[in-house]
Amino acid sequence: MSHKYDASLANKIEQKWQKYWDEHGTFISKDYVVGKEPFVVMDMFPYPSGAGLHVGHPLGYIATDVTARFWRMNNKNVLHALGYDAFGLPAEQYAIKTGQHPRKTTEENIQNMRKQLKMLGLAHDPTRTFATIDPGYVKWTQWIFKQIYNSYFDEELQKARPISELLEKHPEWKELPKKELADILNEFRLAYISYSPVNWCPGLGTVLANEEVTAEGKSERGNFPVFKRNLKQWSMRITKFADRLDDDLEMIDWPEKVKMMQHNWIGKSQGAFIEFDVDGGHKLKVFTTRPDTIRGATFAVIAPEHPLLEFATEDVTQYVEVAKSKSAIERQQDAGKKTGEFTGLFAVNPITKRKLPIYVADYVLMGYGTGAIMAVPADDKRDEEFATIYNIPIEWDYQKYSTVEDAISELEKIGCGEGTTTFRLRDWLFSRQRYWGEPFPIVYDEDGVAFVLDDSMLPVALPEVPDFAPKSFDPTDADSEPEPPLGRNDAWKVVELPVDKNGTLIAEGSQEAVGQKTFTRETNTMPNWAGSCWYYLRYLNASWGDEMPGCVAPENAEHQPNAVVDKSLEEYWLGPEHNSTVGASGGVDLYVGGVEHAVLHLLYARFWHKVLRDLGYVSSLEPFHKLFNQGYVQAFAYTDSRGVYVPANDVTEQDGKFFYKGQEVSQEYGKMGKSLLNVVTPDDMAKQFGADTFRIYEMSMGPLDLSRPWETRAVIGAQRYLQRVWRLMIDEESGELNVSDKSADEETKRFLNKSIAAVKAEMSSMRPNTAISKLIELVNFLTQWKQKNGMVPAEVAEVVVKMTAPLAPHISEELWSKLGHTDSIICVDFPSVDEAYLVDDVISIGVQVNGKVRDTLTISPSATQEQFEQEAKKLPNVAVHLEGKQILKSIVVPGRIVNFVVK
RNA sequence: GCCUCAGUGGCGAAAUGGUAGACGCAGUGGACUUAAAAUCCACCGUGGUAAAACACGUGCCGGUUCGAGUCCGGCCUGAGGCACCA
């Protein structure tokens, strides 16, 4: 029997070690390990779809796994786990398609994905996994909602504080009728109900957050039209945190691109509010970033939704109606073509006293600033355009204030303006008319007053409903009404709960209970972002406090049964300065995922984290200290003459042309997808080459943050590398270990130590591709050495195996055990460098004449500058170029370069 | 329009301002083999040469420097983000 390292042997080895890891709990990480720095490495957790994985999906997972294993071998206590994001639209739509309950299909998908990922040898802690749909998880999502609901933003402290503190500051509110008090508090709560313009998407049958609507005014999912509608919905006051979300970007190690995207999304801009007197005793408040240009204002513009229109003396109703009915996409298309109407009103410029006609125009948006502007056509392109169309005079020559500050202080002096800051960020619309999401822990009494449920009543589980499909509409029917599926179960919706003598909802079994009252549950559900807002905290105590079967309290945890996360665990794993790299922000040490979440998930999670910190539940300032965006694996797809996709697998290339069944087809490059017939799965690759080979290939394709084309035929290179590693120490005939107990010679030691230094450096900075190339160089060197000298020393073989371990863990475990070790290689120390062997006897450097390399100098690195110069001059080809020339200057950088400047 | 980022062999890509193309795929030639596969060795930017030498070469044009893929200025192309945000 052959003991060649081929796919079938690789698969045997892989199964053997995966079983071993399972049985030995190898990947379980302990809290509070003495003498090791904690280090949290995680992926943006997957959304398990019915389609299964293609080779692009695990790229990030393999990268974090390699990193986690590397740091584990470098004396860090690594936490590396994976949960599943499982609420949300795709699961629901898949369920509707298959006619099965989303819980069933979702759980099947999770099982399937677990199986696919396990095959890759990912070292995820099995005790820290979960799905966002687990009742024990939902409970805490609802619990966090409660914290946000029960908080307000203290402007003085610039912090979230419990709403009870606000009540203490306003004893007079106690006397108010409950409905009135509820309305007042609603104005303060960080989670609140509002009746305001929201994004209504009839095609999906739900409202959407601004972040979920594209620039074209379509839903990000499904690409359906979205309409602005006044609807009663839940929102979160993320705008109160705009400044902190913006400022704190500075303390985190994220790609500049993502920081910039968040910065732009928050859209802070400094300027001034200016108040203009309007006839009839009205006031017009505008926002401008250029108060210094106020003397050049020749008119004012208000948005079609502006309240001042009520007093318009000209009839502008038709214009306003048309403008309001325009969808975002129409507005987008009409951008540039300025339209508007004179309102008949005039505003008085407080500085020049000039009377400015007030126009209504849809180029001014109600949602930004005050929904009104002063127009300075001389200094603003848009205003100029408008002025030109409507023949409004333009004041080309006017006196500007020398600075914005000057203008503001002048305005403040006369009492008609003040400096201010506005943000583009809007509050986060938080309710959805879906079935497959977390129910709100909210009930309403007979007066429609909202009450939040007691902790003991959590989790509020999803009811069975006759039909979980969302009520969707003709995508263009803007007047349709949202209709939450949870409303279809009256038995669930209407609930009897204990109340005190004031009719206020209280805890089950409370002393003050005087009886039960009928309440109606909130039937909206939370957006799928809710679960992903805090899952990184769940890894710290994954099955804690959820009353789930098999729930185990974390070892050594200080129990805080009333909080989402054990505070001491949070401080240990995520706290500020919890290790030498994380900095003052604290948070997850490494977070890897696609750039598509730049402003959605990442912004929402930061917001929740800040609220939790203000309330004292976490010590870190930010959830994710270092963010890394991996690239995408892309693929070629092929279409025939009809434009129909043909299986990419069966396409052959000849002279740069592509053929399928003898017919020429055309190539395109892009995503991998079922419909494009170009999917390659990790399962296939593992079967064809082995999981270790697949891992090595994915890591060697190029830098992690770059997108790259998939090329199955190139995978063989990774397999050849592992085969050489195998052959270096195993006899392919007998399968026996074949190394010597001699010690390595000097040359080998030098090569080895240089390789260790290089691999360590590359791995530390997340460049597995170059780490692998250094490893290949080492193995190629040793392969040649073995041919000349016979068996490789065991001490050398061990170093090779250790360095390979993070990248190809199964084969490394196998070789490690064959080398006579009984422990798993996962916690063995990564090889250390013997500095003495980093210095060479001789080095070879380039010698230039006038900056052109003419020869190579082989010399001792300890040679003097003089020797470098003299020896360089003697080189034949250098001598040729120096002959008959005058040396003006000799540049000698010892160990680097010699350059003669001649004339 | 504004803001990021990126352009290097046939392909994926390497290069603290110091010998451009490491490493891998594909390709060419050779060794081994009855043969093939596998393995091992050599070559592999373009022109040029018997081989060298030599010339050119990191999107384009300039600049700084003894020396530029790398730094600076100006373009071109591509990708991504934002976009009537006052």
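Numbered from 1 within each chain, the chains take letters A, B, ... in sequence-line order. The shown structure was predicted, so the numbers you read here are calculated from the model rather than taken from an experiment.
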Applying a 3.5 Å limit to both distances, which nucleotide forms a Watson-Crick or G-U wobble pair with [N]?
N: B/U46; result: B/A55
N: B/U39; result: B/A31
N: B/C82; result: B/G1
N: B/G24; result: B/C11
N: B/A6; result: B/U77
N: B/U65; result: none

Of the listed nucleotides [options], the one nearest the side chain of [X]:
X: A/P709; options: B/A86, B/G12, B/C25; answer: B/G12
X: A/R424; options: B/C84, B/A83, B/G24; answer: B/A83
X: A/R713; options: B/G10, B/C3, B/U19; answer: B/G10
X: A/D380; options: B/A86, B/C82, B/C66; answer: B/A86
X: A/I373; options: B/A86, B/U39, B/C84; answer: B/A86
X: A/R854; options: B/A55, B/G24, B/C84; answer: B/A55
X: A/E711; options: B/A86, B/C11, B/A38; answer: B/C11
X: A/L706; options: B/C54, B/A13, B/A26; answer: B/A13
X: A/V901; options: B/A42, B/C66, B/C23; answer: B/C66
X: A/Y368; options: B/G18, B/A26, B/A86; answer: B/A86

Please report the distance separating the [atom1] of [N] from the corresponding atom of [M], rounded so that it comes out in whole Å.
N: B/G9; M: B/A22; atom1: P; value: 13 Å
N: B/A37; M: B/C44; atom1: P; value: 24 Å
N: B/U58; M: B/A51; atom1: P; value: 26 Å
N: B/C43; M: B/G80; atom1: P; value: 41 Å
N: B/C54; M: B/G69; atom1: C1'; value: 23 Å
N: B/C82; M: B/G21; atom1: P; value: 41 Å
N: B/U70; M: B/A79; atom1: P; value: 24 Å
N: B/C41; M: B/C25; atom1: P; value: 12 Å

At under 4.0 Å, does any side-chain N or O of [X] touch on OP1 or OP2 of [N]?
X: A/K257; N: B/C5; answer: no
X: A/R724; N: B/C40; answer: yes
X: A/N769; N: B/A14; answer: yes
X: A/R720; N: B/A26; answer: yes

When all nucleic acid strands are considered with a 4.0 Å heavy-atom cut-off, which category describes [X]: base, sugar-phosphate, or nothing?
X: A/S890; result: nothing
X: A/R426; result: nothing
X: A/N899; result: base
X: A/D383; result: nothing
X: A/Q787; result: sugar-phosphate
X: A/Q848; result: base
X: A/S269; result: sugar-phosphate
X: A/N850; result: nothing
X: A/T288; result: sugar-phosphate
X: A/I772; result: nothing
X: A/K852; result: sugar-phosphate
X: A/P703; result: sugar-phosphate
X: A/K774; result: nothing
X: A/H263; result: nothing

Exercise. Is B/G9 in the syn or the anti form, by the rule that syn lies within 90° of 0?
Worked result: syn
For this session: Taking atom types as modelled, find out whether A/T770 and A/E762 have a side-chain donor-acceptor pair closer than 3.5 angstrom.
Result: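 The answer is yes; a qualifying pair exists.
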Problem set entry | Side chains of A/Y669 and A/N678, donor plus acceptor under 3.5 Å | no
Looking at [X] and [Y], what are the two nearest heavy atoms and their distance?
X: A/G790; Y: A/W785; result: O-CZ3, 3.4 Å
X: A/R426; Y: A/G367; result: NH1-O, 2.6 Å
X: A/T712; Y: A/F689; result: O-CZ, 4.2 Å
X: A/I373; Y: A/V286; result: C-CG1, 3.6 Å

Establish, yes or no, whether the cationic atom of [X] lies under 6.0 Å from the six-membered ring centre of [Y] and within 45° of the ring axis.
X: A/R727; Y: A/Y5; answer: no
X: A/R606; Y: A/W265; answer: no
X: A/K338; Y: A/F386; answer: no

Exercise. Of A/S773 and A/T339, whose closest RNA chain B nucleotide lies nearer the 5' terminus?
Worked result: A/S773
Exercise. If you pin A/E256 and A/M374 to their nearest nucleotides in RNA chain B, which one's is more 5'?
Worked result: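 Mapping each residue to its closest nucleotide by heavy atoms, the 5'-most match is A/E256.
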